[in-house]
Protein chains: 2
Amino acid sequence: MDKKDLFGLCPFVTSQKILSGKWSIYLLYLLKDGPVRFNELMRMMPEEITHTTLSRQLKSLEEEGLIVRKEYSQIPPKVEYFLSEIGNKFDKVLLAMGEWGEEYIEFLKEKA
Amino acid sequence: MDKKDLFGLCPFVTSQKILSGKWSIYLLYLLKDGPVRFNELMRMMPEEITHTTLSRQLKSLEEEGLIVRKEYSQIPPKVEYFLSEIGNKFDKVLLAMGEWGEEYIEFLKEKA
DNA sequence: CATATAGGTATCCTCCTTGATACTAGGTAT
DNA sequence: ATACCTAGTATCAAGGAGGATACCTATATG
């Protein structure tokens, strides 16, 4: 029996692929409290990131159905990003991940 | 004020980096029920993966402190991998991620 | 006229991860 | 004598993600 690509079949393989982008988790975290504009996201990013990269990351999260892009027809442009329904449900993972991350940071300090 | 690398400071940035390997999440999932040998892991992987790649993934998880490598001095060699204490605490994230992953798979089916 | 604004795309380059292959150890089975 | 077993490492090639830069829109402002 051949081994198959389990994307869309195994929840862990599927999650792994969704989260593979360098900023996916942090973007979901930034969007969890409501709509944010493109340049606001830029300023909220923890490290330097080009708008090219941010644009690509947002586009792929949108294509995967986790976030929604809403464009206002005005000059200068205004675009808001916010979580979709399935994106919103990711909050439990974020919560657990935030708690684990803090414990891991403690672990790193003790090790040092 | 310059933006900095928040690894070791922000729980989400830190988690993202830990989980960046292509198989990290699935490996933590496979190891959650106890020690597993190298070749057993090979056979449990959902897709084809070379032993070179598996070896590297395990090594980096070990260096990050999430798993422990135990080598038995015997011929042929026997090596077991299992979760460290901080690796074990990741189970809550896995649980939430598993549930979300299943909902996301449902979402994909409805969309199709 | 030049410039700033917000939110992008197009293109190229580079680096990192992964994959493929060959090689290793020492003992046991055929 | 040869092959097989486990659990790797060393080396090289390929692919993809990310970064840098230039360019685009249409309007308002100096």
When you measure only distances, ignoring hydrogens and angles, does the side chain of B:Thr52 come within 3.5 Å of the base of C:dT21 through a donor and an acceptor? yes
Name the residue closer to the 5' end of DNA chain C, choosing between A:Phe38 and A:Ile75 according to the nucleotide with the nearest heavy atom. A:Ile75
Distance, rounded to the nearest Å, where A:Ile49 contributes CD1 and C:dG7 contributes P: 15 Å
With respect to the side chain of A:Thr50, which nucleotide from C:dG8, D:dG8, D:dG19 is positioned closest? D:dG19
Heavy-atom pair of closest approach, residues A:Trp23 and B:Gln16: C-OE1, 3.6 Å
With five pairs defining each end axis, the helix from C:dC1-D:dG30 to C:dT30-D:dA1 comes out bent, to 10°, by 30°
Whole-Å gap separating C1' (C:dA6) and CD (A:Gln74): 10 Å
Taking NZ from B:Lys70 and P from D:dG8, how many angstroms apart are they, rounded to a whole number? 15 Å
Indicate, with a heavy-atom threshold strictly under 4.0 Å, whether A:Tyr81 touches base, sugar-phosphate, or nothing. sugar-phosphate
Among side-chain atoms of B:Glu62 and B:Tyr81, is any donor-acceptor pair under 3.5 angstrom? no
When you measure from the side chain of B:Ser55, which nucleotide among D:dT9, D:dG19, C:dA6 comes out closest? D:dT9
I'd like to know if the side chain of A:Tyr104 pairs up with that of B:Glu64 as donor and acceptor (distance under 3.5 Å, no hydrogens or angles considered). no
Under 4.0 Å from OP1 or OP2 of D:dT9: is there any side-chain N or O of B:Lys59 that close? yes
Please check if any side-chain donor atom of B:Thr52 sits under 3.5 Å from a side-chain acceptor atom of B:Ser55, or the reverse. no
For B:Leu54 and D:dT9, what is the distance between atoms CG and P respectively, to the nearest whole Å? 11 Å
At 4.0 Å (heavy atoms only), tell me whether A:Gln57 reaches a base, stays on the sugar-phosphate, or touches nothing. sugar-phosphate
Can we say A:Lys70 and A:Glu80 salt-bridge, meaning some charged N sits less than 4.0 Å from an Asp/Glu carboxylate O? no
Rounded off to whole Å, could you give me the CZ-to-P distance for the A:Arg43 and C:dG7 pair? 8 Å
Rounded to whole angstroms, how far apart are CD on A:Glu80 and P on C:dA6? 14 Å
Protein-nucleotide distance (B:Arg69, atom CZ; D:dA7, atom C1'), rounded to Å: 8 Å
Take A:Pro76 and A:Gly21, find for each the nucleotide of DNA chain D with the closest heavy atom, and name the residue whose nucleotide sits nearer the 5' end. A:Gly21
Test for a donor-acceptor pair under 3.5 Å between the base of D:dG8 and the side chain of B:His51, counting only N and O atoms. yes
Just to confirm, is there a sub-4.0 Å distance from OP1 or OP2 of C:dT5 to any side-chain nitrogen or oxygen of A:Lys78? no
Taking A:Glu106 first and then A:Lys109, would you say they form a salt bridge - that is, a charged N and a carboxylate O separated by under 4.0 Å? yes
Determine yes or no for a side-chain-to-main-chain donor-acceptor pair under 3.5 angstrom, with B:Ser84 supplying the side chain and B:Leu66 the backbone. yes
Main-chain N/O of B:Ile49 paired to B:Thr53 side chain as donor or acceptor, under 3.5 Å: no
hbond_proxy B:Arg56 side chain to D:dG8 base (donor-acceptor, 3.5 Å cutoff): no
Just the rounded figure in Å: distance from C1' of D:dG8 to CD of B:Glu40. 16 Å
Relative to the 5' end of DNA chain D, which residue comes earlier, A:Thr53 or A:Pro77, by the nucleotide with the nearest heavy atom? A:Thr53
